[in-house]
2 protein chains.
Amino acid sequence: MKLLTRHSRLMCVGIGTVIFGTGVLHRQRSVHVQAKTIAIPRKNVDSRKYMARPVTAIEKLQGTPNDMKSRMEIFIMEIQKEICDALEDLEVDIKFKVDRWERKTGGGGITCILEDGEVFERAGVNISVVHGTLPVKTTQQMRARGRPLDASKPLPFFAAGVSSVIHPRNPMIPTLHFNYRYFEVEEDGKSVWWFGGGTDLTPYYLDEEDVKHFHGTLKKACDKHDPSYYGNFKKWCDDYFVVKHRGERRGVGGIFFDDVDEPDQDSVFGFIKDCAKSVLPCYLPIIYKHKDEDYGFQEREWQLLRRGRYVEFNLVYDRGTKFGLLTPNARIESILMSLPKTARWQYMHEPEPGSPEAELMEVLKNPKDWV
Amino acid sequence: MKLLTRHSRLMCVGIGTVIFGTGVLHRQRSVHVQAKTIAIPRKNVDSRKYMARPVTAIEKLQGTPNDMKSRMEIFIMEIQKEICDALEDLEVDIKFKVDRWERKTGGGGITCILEDGEVFERAGVNISVVHGTLPVKTTQQMRARGRPLDASKPLPFFAAGVSSVIHPRNPMIPTLHFNYRYFEVEEDGKSVWWFGGGTDLTPYYLDEEDVKHFHGTLKKACDKHDPSYYGNFKKWCDDYFVVKHRGERRGVGGIFFDDVDEPDQDSVFGFIKDCAKSVLPCYLPIIYKHKDEDYGFQEREWQLLRRGRYVEFNLVYDRGTKFGLLTPNARIESILMSLPKTARWQYMHEPEPGSPEAELMEVLKNPKDWV
């Protein structure tokens, strides 16, 4: 893990969202297949098990079962299906819209989005699998930041990732964001690879039990792989999701990391898989606990104001979003899927001292250790 | 007017919003004094004629009546009062909140804001009068872009401006934005000065008569001063207010310019004054025409989606906003006063072909000549 390269790499990973799209399919679900969370047999890639047909041709995925590109693509398809199924189970009669799109210059993605549900106001789960050549300018930035890549010519790259933002309707349920990604650059026939990702929670009201459960579940996933991971990645997350001009964090954090390429590819992939598989155990108990809780106008107003801050962070600071928006022909709707359905601003709003709103602000201004 | 320097200068003008604040005053209006739009006698600066006491000490303003710094400050105070009065006249029992703040390192401002009115959902009229030293980095950028400033040391500067964004509640009334500003940098005892500004309109539904009236009124103000102004500044406006990642303009434009320093200070000040005084003639007839028009859920939803785009422009592209947010200790609430009260996002929203919403999109994608 080379911390110095994190910015350049995030920019490259941004390419994962820089994509062209085609029509929206309304999903047929006459056969409900439970998503598997264990690796499926490589010789049997069954697209009915996913939200849509894979981006990469099934024959290619089946023909390269040990290539990390295939393994990651199959894994993020599984995760997408698992998350979408779990969220749909909470809704009465609304399903994810499935939007499979292709990128003109290589690869594509599958955007799944559910809007105006009873539990979820807006929930998006996006995967993208893109490849092409890394522009010389990007490669130069990577070189300048320490990674020994040849910046004299465009280099072939591959990026695959899953990213999701879930905005529930009830202000007592936090918003959740996660993203796990794999990146490969080819140089003189040799591939340089790394993983990145994170899961973080944005509550509107502080429930310490929730936050401890959330961080505790993440810590367990991290500790299986390296005792230093949770502490380092928790801090990285606190440092990253900062609305700088407000002097506050977007939420109560979680984990965030990039550039993980040690000790070896299989181990890091195992870590990524455990992180992504911990999303539902982290989040579902919190949703079920609060989904039928009462709330009123004041709680909704506060949630919308905090969603305004979410918009400020994503549009002003989030590197993937910024990079995506500035890239010509990016697939904007998949990038901005992270924004809430509704956001609000109010001049000089200050929560009353001692109120539950003020209690939340306290931990957003001064991040705590939760486990 | 030197077009090459426009970026650096905008950044400097951004300092106009980089400010510290103090408490909110609720305005006493037992005596309603009509704002004058002609210059008031210099020896009689009467703070009761404005929204608050001037930023600069009254004695100083009275003692330097011919200095452009004093003239501009007095003028923007008059404009602020005139606009606030005209908007309050449209409301039943709601007044502007007046928030006079001071900037630790020199100067301050007066933020007037009206929220949750019957006609106006959110309307802000802000003036700032700031001075201090221009950081070497900023001066270097100015030098690099053509302006012959000595970048070897910090230079004293002064900036004064009025800026306003008015978001009405009824979707049939467009949003209006305007900003007029004066900038001065001192170098070896000599001052380099320029003016900038603009007025632009963001409708939710296209009413060609409105847009023609709006542009026609601006053209009249411009034509009094230079026959090339309207055409050049209309184009500059169309080129500036672009939501690039969407390939659409924020609205139907207006005028936008910077770096105007010819033919002489008095002439340019006269031009700026005519522009700022044309704001109400441009906008009031449009408000009165539509304020009691019926609208329903669909029109409100469309307005909120378009306000989402307004947020995207302001947070991602607007140079003053971006520069302000990235400056330590900026007065964030005055900068983000430009955001709407409520904004909304919806995945892949496309207006129906032939609908009034599609008709608006057509002119946002392909700006027209209106006069």
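For the numbers below, each heavy atom of this structure counts, side chains included, while hydrogens, waters and symmetry mates do not. Reminder, nothing fancy here: chain letters follow the sequence lines and each chain counts from 1.
Between the side chains of S338(B) and Y310(B), no donor N or O sits under 3.5 Å from an acceptor N or O. No hydrogens or angles considered: a donor-acceptor pair under 3.5 Å links the side chains of D99(A) and Y347(B).
Interface summary for chain B: among E312(A), M337(A), R307(A), the most heavy-atom pairs under 4.5 angstrom belong to E312(A). Between chain B and the options L304(A), L305(A), V311(A), D116(A), the largest number of non-hydrogen pairs under 4.5 Å is found for V311(A).
Residue contact with chain A, scored on non-hydrogen atoms closer than 4.5 Å, involves the backbone and the side chain of L325(B) alike. Using a 4.5 Å cut-off between heavy atoms, R122(A) touches chain B through its side chain atoms alone. For chain A, the nearby part of E121(B) is the side chain; its heavy atoms alone come within less than 4.5 Å. At a 4.5 Å heavy-atom cutoff, the contact between K341(A) and chain B is made by backbone and side-chain atoms alike. Heavy atoms of Q346(A) lying under 4.5 Å from chain B belong to its backbone as well as its side chain. At a 4.5 Å heavy-atom cutoff, the contact between L315(A) and chain B is made by backbone and side-chain atoms alike. Proximity to chain B (any heavy atom under 4.5 Å) is restricted, for L336(A), to the side chain, taken from C-beta onward.
Contact check for Q303(B) versus R300(B): side-chain heavy atoms found under the 4.5 Å cut-off.
Checked for salt-bridge contact, E248(B) and R306(B) meet the test: a charged N lies under 4.0 Å from a carboxylate O. A salt bridge is absent between D318(B) and K322(B): the closest approach of a Lys/Arg side-chain nitrogen to an acidic carboxylate oxygen does not fall below 4.0 angstrom.
Note that R103(A) lies outside the cation-pi zone of W101(A), set by a 6.0 Å cut-off to the ring centre and a 45° limit from the axis.
At distances below 3.5 Å, not a single donor-acceptor pair connects side-chain atoms of Q80(B) with backbone N or O atoms of Y50(B).
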